[in-house]
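For reference, the structure discussed in these notes is given below.
Keep in mind that this is a model prediction, so the values were computed, not measured.
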Amino acid sequence: MWVTSKSWPSPWLGGSTAVACVKCRVQAVFRSKIRWIQLGQRSCSSFRAWTAAVCHRLLPIWKLGGVLGCVLADGTKWRWRDEVSQCNISLKKQRSRSIFSTLFCCFRDYNVEPPSTNSTSALPPLVEENGGLQKGDQMQVMPIPSPPAKYLLPELTASDYGKKCVVIDLDETLVHSSFKPISNADFIVPVEIDGTIHQVYVLKRPHVDEFLQRMGELFECVLFTASLAKYADPVADLLDRWGVFRARLFRESCVFHRGNYVKDLSRLGRELSKVIIVDNSPASYIFHPENAVPVQSWFDDMTDTELLDLIPFFEGLSKEEEVYSMLHKLCNR
(Lines give C-alpha, C1' and ligand atoms only; values in the text may rest on other atoms or scores of the structure.)
Protein backbone atom coordinates (compact mmCIF):
# COMPACT_ATOMS: atom_id res chain seq x y z
CA MET A 1 0.00 0.00 0.00
CA TRP A 2 1.57 3.28 -1.09
CA VAL A 3 2.11 6.14 1.32
CA THR A 4 0.05 9.13 0.27
CA SER A 5 0.78 12.76 0.79
CA LYS A 6 -1.96 13.04 3.43
CA SER A 7 -0.39 10.49 5.76
CA TRP A 8 3.27 11.52 5.09
CA PRO A 9 4.20 14.70 7.01
CA SER A 10 5.27 17.17 4.33
CA PRO A 11 7.50 19.37 6.58
CA TRP A 12 9.86 16.40 7.15
CA LEU A 13 10.29 15.06 3.58
CA GLY A 14 9.75 18.04 1.34
CA GLY A 15 5.96 18.04 1.07
CA SER A 16 3.48 16.25 -1.14
CA THR A 17 5.55 16.91 -4.31
CA ALA A 18 8.50 14.88 -3.01
CA VAL A 19 6.22 12.05 -1.98
CA ALA A 20 4.58 11.96 -5.37
CA CYS A 21 8.00 11.83 -7.09
CA VAL A 22 9.17 8.93 -4.97
CA LYS A 23 5.94 7.12 -5.62
CA CYS A 24 6.20 7.57 -9.39
CA ARG A 25 9.81 6.39 -9.51
CA VAL A 26 9.11 3.25 -7.52
CA GLN A 27 6.07 2.46 -9.65
CA ALA A 28 8.12 2.90 -12.81
CA VAL A 29 10.84 0.55 -11.55
CA PHE A 30 8.26 -2.08 -10.64
CA ARG A 31 6.52 -1.85 -13.98
CA SER A 32 9.76 -2.19 -15.92
CA LYS A 33 11.01 -5.13 -13.87
CA ILE A 34 7.69 -6.96 -14.07
CA ARG A 35 7.71 -6.52 -17.84
CA TRP A 36 11.21 -7.97 -17.98
CA ILE A 37 10.15 -10.97 -15.96
CA GLN A 38 7.16 -11.61 -18.18
CA LEU A 39 9.28 -11.47 -21.30
CA GLY A 40 11.89 -13.78 -19.84
CA GLN A 41 14.66 -11.26 -20.29
CA ARG A 42 15.94 -11.70 -16.78
CA SER A 43 17.08 -14.79 -14.98
CA CYS A 44 16.05 -15.76 -11.47
CA SER A 45 19.40 -14.68 -10.09
CA SER A 46 19.07 -11.29 -11.72
CA PHE A 47 15.55 -10.96 -10.34
CA ARG A 48 16.83 -11.74 -6.81
CA ALA A 49 19.52 -9.11 -7.24
CA TRP A 50 16.94 -6.61 -8.49
CA THR A 51 14.61 -7.39 -5.55
CA ALA A 52 17.48 -6.81 -3.09
CA ALA A 53 18.24 -3.48 -4.74
CA VAL A 54 14.61 -2.36 -4.59
CA CYS A 55 14.30 -3.40 -0.95
CA HIS A 56 17.55 -1.57 -0.19
CA ARG A 57 16.12 1.60 -1.73
CA LEU A 58 12.75 1.26 0.01
CA LEU A 59 14.17 0.33 3.43
CA PRO A 60 14.62 3.96 4.63
CA ILE A 61 11.03 4.71 3.59
CA TRP A 62 9.70 1.71 5.49
CA LYS A 63 11.75 2.62 8.55
CA LEU A 64 10.45 6.15 8.48
CA GLY A 65 6.87 4.89 8.02
CA GLY A 66 7.36 2.55 10.96
CA VAL A 67 8.62 5.39 13.13
CA LEU A 68 5.69 7.60 12.12
CA GLY A 69 3.27 4.76 12.72
CA CYS A 70 4.70 4.19 16.18
CA VAL A 71 4.51 7.88 16.98
CA LEU A 72 0.92 8.14 15.78
CA ALA A 73 -0.09 4.93 17.46
CA ASP A 74 1.66 5.93 20.65
CA GLY A 75 -0.06 9.33 20.61
CA THR A 76 -3.42 7.69 20.00
CA LYS A 77 -2.73 5.26 22.80
CA TRP A 78 -1.92 7.98 25.31
CA ARG A 79 -4.85 10.11 24.14
CA TRP A 80 -7.13 7.11 24.64
CA ARG A 81 -5.64 6.56 28.08
CA ASP A 82 -6.27 10.22 28.97
CA GLU A 83 -9.89 9.99 27.82
CA VAL A 84 -10.44 6.82 29.85
CA SER A 85 -8.87 8.37 32.95
CA GLN A 86 -10.99 11.52 32.57
CA CYS A 87 -14.11 9.39 32.15
CA ASN A 88 -13.24 7.42 35.29
CA ILE A 89 -12.68 10.65 37.23
CA SER A 90 -16.03 12.08 36.09
CA LEU A 91 -17.79 8.84 37.06
CA LYS A 92 -16.19 8.96 40.50
CA LYS A 93 -17.32 12.58 40.93
CA GLN A 94 -20.86 11.69 39.91
CA ARG A 95 -20.95 8.79 42.33
CA SER A 96 -19.65 10.89 45.22
CA ARG A 97 -22.07 13.72 44.39
CA SER A 98 -25.01 11.30 44.30
CA ILE A 99 -23.98 9.89 47.69
CA PHE A 100 -23.81 13.35 49.26
CA SER A 101 -27.08 14.42 47.66
CA THR A 102 -28.91 11.67 49.55
CA LEU A 103 -27.60 13.07 52.82
CA PHE A 104 -27.51 16.83 52.38
CA CYS A 105 -29.86 18.96 50.29
CA CYS A 106 -27.07 21.49 49.65
CA PHE A 107 -25.39 18.91 47.36
CA ARG A 108 -28.41 18.69 45.08
CA ASP A 109 -28.02 20.12 41.58
CA TYR A 110 -30.21 23.18 41.25
CA ASN A 111 -30.67 25.20 38.10
CA VAL A 112 -29.11 28.38 39.36
CA GLU A 113 -26.84 30.98 37.87
CA PRO A 114 -23.08 30.67 38.38
CA PRO A 115 -21.87 32.46 41.53
CA SER A 116 -20.51 35.95 41.09
CA THR A 117 -17.36 37.35 42.66
CA ASN A 118 -19.39 38.80 45.52
CA SER A 119 -18.63 37.03 48.78
CA THR A 120 -22.31 36.89 49.68
CA SER A 121 -23.02 34.61 46.71
CA ALA A 122 -21.25 31.73 48.46
CA LEU A 123 -23.89 31.71 51.19
CA PRO A 124 -26.36 28.81 51.12
CA PRO A 125 -29.96 29.62 50.19
CA LEU A 126 -31.95 30.56 53.28
CA VAL A 127 -35.09 31.77 51.55
CA GLU A 128 -37.42 30.00 49.15
CA GLU A 129 -36.00 28.81 45.84
CA ASN A 130 -39.26 28.16 43.99
CA GLY A 131 -40.02 30.43 41.06
CA GLY A 132 -42.40 33.31 41.65
CA LEU A 133 -45.63 33.95 39.84
CA GLN A 134 -45.15 35.53 36.43
CA LYS A 135 -47.71 36.71 33.91
CA GLY A 136 -48.76 34.01 31.48
CA ASP A 137 -47.74 31.09 33.72
CA GLN A 138 -49.73 27.92 33.15
CA MET A 139 -51.19 26.05 36.10
CA GLN A 140 -50.47 22.33 36.27
CA VAL A 141 -52.18 19.95 38.65
CA MET A 142 -49.92 17.27 40.07
CA PRO A 143 -50.93 13.99 41.75
CA ILE A 144 -51.47 14.47 45.48
CA PRO A 145 -49.44 12.24 47.82
CA SER A 146 -51.21 10.21 50.48
CA PRO A 147 -51.83 12.08 53.74
CA PRO A 148 -49.41 11.24 56.56
CA ALA A 149 -50.33 9.41 59.74
CA LYS A 150 -49.44 12.54 61.74
CA TYR A 151 -50.55 15.95 60.56
CA LEU A 152 -48.48 19.12 60.59
CA LEU A 153 -50.91 21.26 62.58
CA PRO A 154 -52.21 20.69 66.11
CA GLU A 155 -55.89 20.44 66.96
CA LEU A 156 -58.03 23.52 66.50
CA THR A 157 -58.28 25.80 69.50
CA ALA A 158 -61.63 26.97 70.83
CA SER A 159 -61.04 30.50 69.54
CA ASP A 160 -60.48 29.24 65.97
CA TYR A 161 -63.32 26.74 65.90
CA GLY A 162 -65.46 27.26 62.78
CA LYS A 163 -62.85 29.43 61.06
CA LYS A 164 -61.22 28.58 57.80
CA CYS A 165 -57.45 28.02 57.65
CA VAL A 166 -55.31 30.47 55.67
CA VAL A 167 -51.76 29.40 54.85
CA ILE A 168 -49.57 32.45 54.20
CA ASP A 169 -46.17 32.49 52.53
CA LEU A 170 -43.33 34.70 53.77
CA ASP A 171 -40.69 35.65 51.18
CA GLU A 172 -41.78 37.81 48.23
CA THR A 173 -45.33 37.59 49.62
CA LEU A 174 -45.06 39.47 52.93
CA VAL A 175 -41.39 40.52 52.96
CA HIS A 176 -38.27 40.64 50.82
CA SER A 177 -34.90 39.67 52.28
CA SER A 178 -31.35 40.14 51.06
CA PHE A 179 -27.77 39.65 52.23
CA LYS A 180 -26.91 42.95 50.56
CA PRO A 181 -27.42 46.03 52.73
CA ILE A 182 -30.75 47.82 52.22
CA SER A 183 -30.84 51.43 53.36
CA ASN A 184 -34.53 51.39 54.33
CA ALA A 185 -34.65 47.87 55.78
CA ASP A 186 -37.36 47.31 58.40
CA PHE A 187 -35.44 44.51 60.13
CA ILE A 188 -31.84 43.33 60.26
CA VAL A 189 -31.72 39.69 61.32
CA PRO A 190 -28.42 38.03 62.27
CA VAL A 191 -28.15 34.49 60.92
CA GLU A 192 -25.37 32.04 61.73
CA ILE A 193 -23.99 30.11 58.76
CA ASP A 194 -21.06 27.71 59.22
CA GLY A 195 -19.97 29.44 62.40
CA THR A 196 -20.14 32.95 60.91
CA ILE A 197 -22.83 35.54 61.67
CA HIS A 198 -24.34 37.18 58.59
CA GLN A 199 -26.77 40.09 58.52
CA VAL A 200 -30.03 39.59 56.60
CA TYR A 201 -31.80 42.80 55.58
CA VAL A 202 -35.60 42.49 55.55
CA LEU A 203 -38.03 44.85 53.87
CA LYS A 204 -41.77 44.64 54.66
CA ARG A 205 -44.34 44.72 51.89
CA PRO A 206 -46.62 47.77 52.02
CA HIS A 207 -49.81 47.28 54.10
CA VAL A 208 -48.59 43.98 55.52
CA ASP A 209 -49.51 45.07 59.06
CA GLU A 210 -53.14 45.82 58.17
CA PHE A 211 -53.36 42.60 56.19
CA LEU A 212 -52.07 40.39 59.00
CA GLN A 213 -54.23 41.97 61.68
CA ARG A 214 -57.39 41.54 59.65
CA MET A 215 -56.51 38.00 58.62
CA GLY A 216 -55.94 37.07 62.26
CA GLU A 217 -59.46 38.23 63.10
CA LEU A 218 -61.11 36.25 60.29
CA PHE A 219 -59.11 33.04 59.96
CA GLU A 220 -56.83 30.53 61.57
CA CYS A 221 -53.54 31.80 60.12
CA VAL A 222 -50.53 29.57 59.51
CA LEU A 223 -47.11 30.74 58.31
CA PHE A 224 -45.80 28.20 55.81
CA THR A 225 -42.47 28.98 54.15
CA ALA A 226 -39.90 26.97 52.24
CA SER A 227 -37.16 29.01 53.93
CA LEU A 228 -34.93 27.71 56.69
CA ALA A 229 -36.24 28.07 60.23
CA LYS A 230 -33.11 29.79 61.53
CA TYR A 231 -33.88 32.69 59.18
CA ALA A 232 -37.69 32.65 58.94
CA ASP A 233 -38.44 32.18 62.64
CA PRO A 234 -36.74 35.41 63.86
CA VAL A 235 -38.26 37.29 60.91
CA ALA A 236 -41.73 36.07 61.93
CA ASP A 237 -41.05 37.19 65.51
CA LEU A 238 -40.43 40.74 64.30
CA LEU A 239 -43.19 40.74 61.70
CA ASP A 240 -46.05 39.21 63.71
CA ARG A 241 -46.36 41.48 66.75
CA TRP A 242 -49.99 40.46 67.35
CA GLY A 243 -49.61 36.68 67.44
CA VAL A 244 -51.57 36.17 64.23
CA PHE A 245 -49.82 32.95 63.23
CA ARG A 246 -51.13 29.99 65.22
CA ALA A 247 -48.36 27.80 63.79
CA ARG A 248 -45.17 28.17 61.77
CA LEU A 249 -44.05 25.62 59.21
CA PHE A 250 -40.65 25.71 57.51
CA ARG A 251 -38.71 23.93 54.78
CA GLU A 252 -38.64 20.58 56.55
CA SER A 253 -42.44 20.49 56.38
CA CYS A 254 -42.44 20.82 52.58
CA VAL A 255 -42.43 17.99 50.06
CA PHE A 256 -39.44 18.12 47.73
CA HIS A 257 -40.96 17.40 44.33
CA ARG A 258 -39.18 17.80 40.97
CA GLY A 259 -36.75 20.39 42.25
CA ASN A 260 -39.30 22.47 44.18
CA TYR A 261 -40.43 22.68 47.79
CA VAL A 262 -44.17 22.00 47.63
CA LYS A 263 -46.57 22.85 50.45
CA ASP A 264 -48.86 19.85 50.59
CA LEU A 265 -52.10 21.12 52.10
CA SER A 266 -53.40 17.59 52.67
CA ARG A 267 -50.77 17.17 55.41
CA LEU A 268 -52.09 20.04 57.50
CA GLY A 269 -54.92 18.11 59.15
CA ARG A 270 -57.64 20.51 58.01
CA GLU A 271 -60.59 20.02 55.67
CA LEU A 272 -59.35 21.05 52.24
CA SER A 273 -62.61 22.79 51.33
CA LYS A 274 -61.85 25.24 54.15
CA VAL A 275 -58.14 25.83 53.42
CA ILE A 276 -56.67 28.74 51.44
CA ILE A 277 -53.02 29.33 50.56
CA VAL A 278 -51.63 32.79 49.76
CA ASP A 279 -48.36 32.45 47.88
CA ASN A 280 -46.37 34.12 45.09
CA SER A 281 -44.99 30.81 43.75
CA PRO A 282 -47.32 28.46 41.80
CA ALA A 283 -44.81 25.65 42.37
CA SER A 284 -45.49 25.86 46.10
CA TYR A 285 -49.17 24.89 45.74
CA ILE A 286 -48.91 22.72 42.65
CA PHE A 287 -50.73 19.87 44.47
CA HIS A 288 -53.73 22.11 45.28
CA PRO A 289 -53.99 25.01 42.79
CA GLU A 290 -57.75 25.21 43.37
CA ASN A 291 -57.05 26.36 46.97
CA ALA A 292 -54.68 29.15 46.01
CA VAL A 293 -54.89 32.92 46.06
CA PRO A 294 -51.99 33.87 43.77
CA VAL A 295 -50.11 37.10 44.47
CA GLN A 296 -47.40 38.83 42.49
CA SER A 297 -43.83 38.52 43.74
CA TRP A 298 -42.78 41.64 45.65
CA PHE A 299 -39.26 43.00 46.05
CA ASP A 300 -39.08 46.75 46.64
CA ASP A 301 -42.08 48.54 45.09
CA MET A 302 -43.29 50.79 47.91
CA THR A 303 -46.41 51.76 45.93
CA ASP A 304 -47.71 48.16 45.93
CA THR A 305 -51.27 47.74 47.27
CA GLU A 306 -51.98 44.07 46.58
CA LEU A 307 -52.28 43.01 50.22
CA LEU A 308 -54.59 45.92 50.97
CA ASP A 309 -56.74 45.10 47.93
CA LEU A 310 -57.13 41.47 49.06
CA ILE A 311 -58.70 42.31 52.44
CA PRO A 312 -62.27 42.80 51.10
CA PHE A 313 -62.03 39.55 49.17
CA PHE A 314 -61.01 37.62 52.29
CA GLU A 315 -63.75 39.27 54.31
CA GLY A 316 -66.29 37.83 51.87
CA LEU A 317 -64.53 34.47 51.68
CA SER A 318 -64.65 34.04 55.47
CA LYS A 319 -68.47 33.95 55.28
CA GLU A 320 -68.65 31.23 52.63
CA GLU A 321 -69.36 27.59 53.43
CA GLU A 322 -66.48 26.42 51.24
CA VAL A 323 -63.67 28.19 49.41
CA TYR A 324 -63.73 26.73 45.92
CA SER A 325 -66.49 28.79 44.34
CA MET A 326 -65.03 32.19 45.27
CA LEU A 327 -61.47 31.11 44.46
CA HIS A 328 -62.63 29.89 41.08
CA LYS A 329 -64.19 33.29 40.38
CA LEU A 330 -61.00 35.02 41.54
CA CYS A 331 -58.79 32.99 39.20
CA ASN A 332 -61.10 33.57 36.25
CA ARG A 333 -61.17 37.35 36.65
Side-chain angles (χ1 to χ4, degrees), residues 104-106 108 110-134 167-216 221-245 247-254 260-261 263 277-284 294-310:
F104 306 105
C105 68
C106 58
R108 293 194 183 103
Y110 296 104
N111 294 327
V112 295
E113 296 180 358
S116 61
T117 56
N118 195 333
S119 60
T120 59
S121 63
L123 299 175
L126 295 175
V127 299
E128 296 182 20
E129 297 178 341
N130 298 340
L133 180 64
Q134 304 294 333
V167 176
I168 305 177
D169 177 47
L170 181 63
D171 295 290
E172 276 68 68
T173 298
L174 301 180
V175 301
H176 172 67
S177 300
S178 174
F179 282 109
K180 297 180 179 180
I182 300 176
S183 59
N184 58 336
D186 294 286
F187 314 127
I188 300 178
V189 180
V191 178
E192 184 272 329
I193 303 174
D194 295 333
T196 304
I197 301 298
H198 299 272
Q199 305 298 327
V200 180
Y201 298 83
V202 183
L203 197 62
K204 295 197 304 183
R205 190 169 192 162
H207 309 289
V208 65
D209 292 339
E210 301 96 307
F211 178 77
L212 287 180
Q213 290 183 68
R214 189 59 179 144
M215 297 298 287
C221 296
V222 176
L223 179 69
F224 201 164
T225 175
S227 301
L228 296 178
K230 61 181 177 180
Y231 148 78
D233 210 26
V235 171
D237 289 339
L238 297 170
L239 182 66
D240 184 16
R241 296 174 293 167
W242 311 273
V244 171
F245 297 122
R248 300 175 184 179
L249 303 175
F250 306 103
R251 181 175 295 182
E252 60 271 14
S253 299
C254 297
N260 293 304
Y261 293 102
K263 301 165 186 178
I277 180 170
V278 183
D279 204 305
N280 71 301
S281 173
S284 296
V295 295
Q296 293 292 328
S297 299
W298 181 83
F299 299 97
D300 56 4
D301 181 13
M302 302 311 296
T303 64
D304 179 82
T305 61
E306 186 160 7
L307 295 182
L308 186 64
D309 297 338
L310 283 175

| query | Where is the tightest heavy-atom contact between Ser227 and Thr225, given as atom of each residue plus distance? | reply | N-OG1, 3.0 Å
| task | Quick one: closest heavy-atom pair of Ile193 and Phe179, and the distance? | result | CD1-CZ, 4.0 Å
| task | Answer whether the closest heavy-atom distance between the side chains of Arg241 and Leu212 falls below 4.5 Å. | result | no
| said: Rounded at 0.5 Å granularity, tell me how far CG in Asp171 sits from CZ in Phe299. | reply: 10.0 Å
| said: According to side chain to side chain donor-acceptor pair (under 3.5 Å), who are the partners of Asp300, at least two apart in sequence or on a separate chain? | reply: none
| said: Quick one: does any side-chain atom of Asp240 pair with a main-chain N or O of Phe245 as donor and acceptor, under 3.5 Å? | reply: yes
| Nearest 0.5 Å, what's the CG-CG distance between Asp309 and Asp304? | 8.0 Å
| Within-4.5 Å side-chain heavy-atom neighbours: Val208 and Val175 | no
| query | Just wondering, do Tyr261 and Ser281 contact through their side chains at under 4.5 Å, heavy atoms? | reply | no
| task | Heavy atoms only: give me the nearest Val189-Val235 pair and the separation to one decimal. | result | CG2-CG2, 3.8 Å
| query | Sequence neighbours excluded, which residues qualify as side chain to side chain donor-acceptor pair (under 3.5 Å) partners of Thr303? | reply | Asp301
| request: Please check if the side chain of Thr173 supplies one atom and the backbone of Asp279 the other of a donor-acceptor pair under 3.5 Å. | output: no
| What closest approach, in Å, do Phe224 and Ser253 show between heavy atoms, and which atom pair accounts for it? | CZ-O, 3.7 Å
| Heavy-atom closest pair, residues Val200 and Ser177 | CG1-CB, 3.9 Å
| request: Using a 4.5 Å cut-off on heavy atoms from C-beta on, say whether the side chain of Lys263 contacts that of Asp169. | output: yes
| task | May I ask you to test the Leu174-Leu307 pair for a side-chain heavy-atom distance under 4.5 Å? | result | yes
| note | Sorted by chain and residue number, the side chain to side chain contact (heavy atoms under 4.5 Å, CB included) partners of Pro181 (sequence neighbours excluded) come out as Tyr201
| side chain to side chain donor-acceptor pair (under 3.5 Å) partners for Gln199, two or more places apart | none
| query | With a 4.5 Å heavy-atom cut-off, do Val295 and Asn280 have their side chains touching? | reply | yes
| query | For Asp233, what residues pass the salt bridge (Lys or Arg N to Asp or Glu O under 4.0 Å) criterion, not counting sequence neighbours? | reply | Arg248
| What residues form a side chain to side chain donor-acceptor pair (under 3.5 Å) with Ser178, not counting sequence neighbours? | none
| Shortest non-hydrogen contact from Ala229 to Glu252? | CB-OE2, 4.5 Å
| query | Okay, side chain of Lys204, backbone of Leu239: is any donor-acceptor separation there less than 3.5 Å? | reply | no
| said: Restricting to salt bridge (Lys or Arg N to Asp or Glu O under 4.0 Å), what partner residues turn up for Glu306, sequence neighbours left out? | reply: Arg205
| field | Nearest-0.5 Å distance that lies between atom CG in Leu310 and atom CE in Met215 | value | 8.0 Å
